[in-house]
Engineer: 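Sharing a structure with you now.
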There are 2 protein chains.
Amino acid sequence: MNQVIDAGALAPLYKEVKRLLTASIAEGEWQAGAALPSETRLAQRFSVSIGTVRKAIDELVAERIVVRHQGRGTFVASHGANRLMFHFFHVVPRGERTREYPDTETLAFRRARAEPAEAATLRLAAGEPVYRIRNLLSLAGRPVMLDDLVLPQALYPDLTEKVFSSRDNTIYHLYQTRYGVNVLRTSERLSAALADAETAGLLGLRKGAPLLEINRVALSYHHAPVELRRSLVDTSEHEYLSDLGRANAG
Amino acid sequence: MNQVIDAGALAPLYKEVKRLLTASIAEGEWQAGAALPSETRLAQRFSVSIGTVRKAIDELVAERIVVRHQGRGTFVASHGANRLMFHFFHVVPRGERTREYPDTETLAFRRARAEPAEAATLRLAAGEPVYRIRNLLSLAGRPVMLDDLVLPQALYPDLTEKVFSSRDNTIYHLYQTRYGVNVLRTSERLSAALADAETAGLLGLRKGAPLLEINRVALSYHHAPVELRRSLVDTSEHEYLSDLGRANAG
DNA sequence: TAGTGGTCTAGACCACCTG
DNA sequence: AGGTGGTCTAGACCACTAC
């Protein structure tokens, strides 16, 4: 019951434990989907009590960096396997909450240089090499969404169109498994736009049809940006649901 | 250190404490902005340990039902006073995160009957009395957003246009202080639309200009819907930021 | 100085999952 | 049966706020 010496730490102990855990995950000591050591072992490793480890893990769970399973262990969050797959996909049929997984078709895959604005958002120097990828997403067999991705080549060294389009899971799962890039959070800015001729053609609309434009930045550990994505959505039969991935409430 | 008898409870004790606290807040035992009893006192009141009370309050904090201030106490969340005012306002100038508070003008205030779809969402019988309110919101002196509100009259008994438009704070603050209706969470569905002649005129746009349409349901305790709101936003110089009110990340 | 929430410990028992 | 996370307790000290 006695207080242990805190060694003059400025930050709470559990924050330090959290920082060390996050660093180990980011460095790959435990890969996505792998189990962390048990709470007892972690407590020994960091010379703190279990309660402190639990509080650190509580925050990692809240940030979706890890997932707890009672009786089994604590695991590094993964983009595959579970329903978390849908965590970053907000487009649903009008009035519903149920999502189906979209069919995606890769329309273009190019190597290019970052525009100044892109470079700034991706924290690159202007002109650094990027991939530009265009995807067409279909729901229930009908095209609904046109995605333009910008990826720093440095993060995804050997990415090719073949690798990209022959993935058997989500794009973020590909980043995670092949490049160790773990998308934790996205920041999205939405606005309304009108379809130009090209976009209208791809989505089967008339030129000038209203589109929902979503500008997304995908973020990894330490808020590092790892992907830029502009989506144009035909919302005539679908909507963007803002509060997925949220929970509860009293 | 010995285990106390749990009396065969099915739910965890702290969930029960949380439920009791939420109920007391919803019933008005502690008004918005008021301090809860100290953790020690609450522990005595519910015959549990402080740790259990803390865990219950942790969840209430996460759901923004209460706010903790070290050294001062724990308070029922309020819509006034603090920056929480902006919690439900997602429209920002393009590329920025800073928000200014919008000027609002009440264009219409009518008593009417709920349409079937509205009634269903508000959990009313079709035809129940509602208010229909139209607001024009301006940022930096220019109209940006047109809001159409639908409110059950039963929840806001004596609401009049004068009361509504002479409020000196946010609309949700009015609900809270005058009617004890506390908006905790909103659910929003976004889509793109084209401005009709009337809307275009009000927002200073051409007919057919693209607009961001936001359909919002405001929810109180126990997920009770307390307001419907459709917003039409001119996004030529503003955007909808999806991740306000979120925090941290490793 | 007194009271509040914030952190941390130490250990108990329970529920769940895997062998 | 053994290990894991989930809950709960009891009490210590710290940091902050009010008076």
Side-chain angles (χ1 to χ4, degrees), chain A residues 1-21 30 33-62 64-77 81-82 247-248, chain B residues 1-21 30 33-62 64-77 81-82 247-248:
Chain A
M1 298 291 174
N2 289 326
Q3 185 65 1
V4 114
I5 305 95
D6 202 337
L10 300 106
L13 242 190
Y14 76 90
K15 290 278 187 189
E16 179 64 9
V17 171
K18 178 186 170 192
R19 200 185 60 74
L20 292 168
L21 288 172
W30 309 298
L36 267 59
S38 76
E39 297 179 344
T40 311
R41 247 180 285 276
L42 288 173
Q44 291 164 355
R45 165 163 167 174
F46 297 123
S47 302
V48 299
S49 84
I50 287 191
T52 302
V53 170
R54 283 191 65 78
K55 186 148 188 183
I57 295 181
D58 280 347
E59 295 207 348
L60 295 178
V61 168
R64 300 197 201 86
I65 293 177
V66 303
V67 182
R68 281 202 267 230
H69 291 293
Q70 180 170 159
R72 294 209 289 134
T74 303
F75 302 83
V76 180
N82 46 20
N248 40 32
Chain B
M1 299 293 173
N2 288 325
Q3 185 63 3
V4 112
I5 304 92
D6 201 338
L10 298 108
L13 242 191
Y14 76 88
K15 290 279 186 190
E16 179 65 9
V17 171
K18 178 187 170 191
R19 199 185 62 73
L20 292 168
L21 288 172
W30 309 299
L36 268 59
S38 76
E39 298 179 343
T40 311
R41 248 179 285 276
L42 288 173
Q44 290 164 357
R45 165 163 167 175
F46 297 122
S47 302
V48 299
S49 83
I50 286 192
T52 302
V53 170
R54 282 190 65 78
K55 185 147 190 184
I57 296 180
D58 280 346
E59 295 208 347
L60 295 178
V61 168
R64 300 196 202 84
I65 293 176
V66 303
V67 181
R68 282 200 267 229
H69 292 292
Q70 180 170 159
R72 293 208 289 136
T74 303
F75 302 83
V76 180
N82 44 22
N248 40 33

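By convention in this document, chain letters (A, B, ...) are assigned in the order of the sequence lines, proteins followed by strands, and residues within each chain are numbered from 1.
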Engineer: Of the listed nucleotides (C:dT18, D:dT17, C:dC8), which one gets closest to any side-chain atom of B:R72?
Structural biologist: D:dT17
Engineer: For the pair made of CD in B:E39 and C1' in C:dG3, what is the distance, rounded to whole Å?
Structural biologist: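 Rounded to whole Å, this separation is 12 Å.
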Engineer: Would you say B:R54 reaches D:dC8's phosphate, i.e. side-chain N/O to OP1/OP2 under 4.0 Å?
Structural biologist: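 No, no such contact exists.
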Engineer: Count the heavy atoms of every other residue, nucleotide or ligand shown that sit under 6.0 Å from CZ of A:R45, and state whether that count exceeds 12.
Structural biologist: yes
Engineer: Remember a base hit wins even if backbone is also touched, and classify A:T74 as base, sugar-phosphate or nothing at under 4.0 Å, heavy atoms.
Structural biologist: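 Sugar-phosphate only.
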Engineer: Give the rounded distance in Å between these two atoms: CD1 of A:I50 and P of C:dC13.
Structural biologist: 15 Å
Engineer: Whether A:S49 contacts C:dA10 is assessed here as follows: a side-chain N or O lying under 4.0 Å from the phosphate OP1 or OP2. Is that the case?
Structural biologist: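 No, because none of the side-chain N or O atoms of A:S49 sits under 4.0 Å from OP1 or OP2 of C:dA10.
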Engineer: Can you find a side chain N or O atom of B:T40 that sits less than 4.0 Å from OP1 or OP2 on C:dT4?
Structural biologist: no
Engineer: OP1 or OP2 of C:dT7 less than 4.0 angstrom from a side-chain nitrogen or oxygen of A:T52, does that happen here?
Structural biologist: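 No, A:T52 has no side-chain N/O under 4.0 Å of OP1/OP2 on C:dT7.
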Engineer: Taking atom P of D:dG3 as reference, at what distance in whole Å does atom CZ of A:R41 sit?
Structural biologist: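 Distance, rounded to whole Å: 9 Å.
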Engineer: Write down the distance between CD1 (A:I57) and C1' (D:dT4), rounded to a whole number of angstrom.
Structural biologist: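 About 11 Å, once rounded to whole Å.
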Engineer: For the side chain of B:V48, starting at C-beta, report the closest nucleotide among D:dG5, D:dT9, C:dC8.
Structural biologist: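 Closest of the options to the side chain of B:V48: D:dT9.
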Engineer: Within this structure, what is the OG1-CG distance for the pair B:T74 and B:L60, rounded to the nearest 0.5 Å?
Structural biologist: 9.5 Å
Engineer: Measure from CZ on A:F75 to P on D:dT4 and round the result to the nearest Å.
Structural biologist: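 These atoms are roughly 11 Å apart.
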Engineer: If I take atom CD in residue A:Q70 and atom P in nucleotide C:dT18, what distance separates them, rounded to the nearest angstrom?
Structural biologist: 12 Å
Engineer: Hey, what do you get for CD (A:Q44) to CD1 (A:I50), rounding to the nearest 0.5 Å?
Structural biologist: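 The CD1 atom of A:I50 is 8.5 Å from CD of A:Q44, to the nearest 0.5 Å.
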Engineer: 5'-most contact on DNA chain D: A:G71 or A:R68, nearest heavy atom basis?
Structural biologist: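 With A:G71 and A:R68 compared, the 5'-side residue is A:G71.
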Engineer: Can you measure B:L13 atom CG to C:dA12 atom P for me and round it to whole angstrom units?
Structural biologist: 20 Å
Engineer: Could you check if a side-chain atom of A:V66 sits within less than 4.5 angstrom of a side-chain atom of A:L21, using non-hydrogen atoms only?
Structural biologist: no
Engineer: If the cut-off is 4.0 Å, is B:K55 near the phosphate of D:dC8, judged by side-chain N/O to OP1 or OP2?
Structural biologist: no
Engineer: What distance do B:T52 atom OG1 and B:F46 atom CZ have between them, rounded to the nearest 0.5 Å?
Structural biologist: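 These two atoms lie 11.5 Å from each other.
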Engineer: Whole angstrom is fine here: how far is it from NE2 in B:H69 over to C1' in C:dG5?
Structural biologist: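 Taking atom C1' of C:dG5 as the reference, NE2 of B:H69 is at 11 Å.
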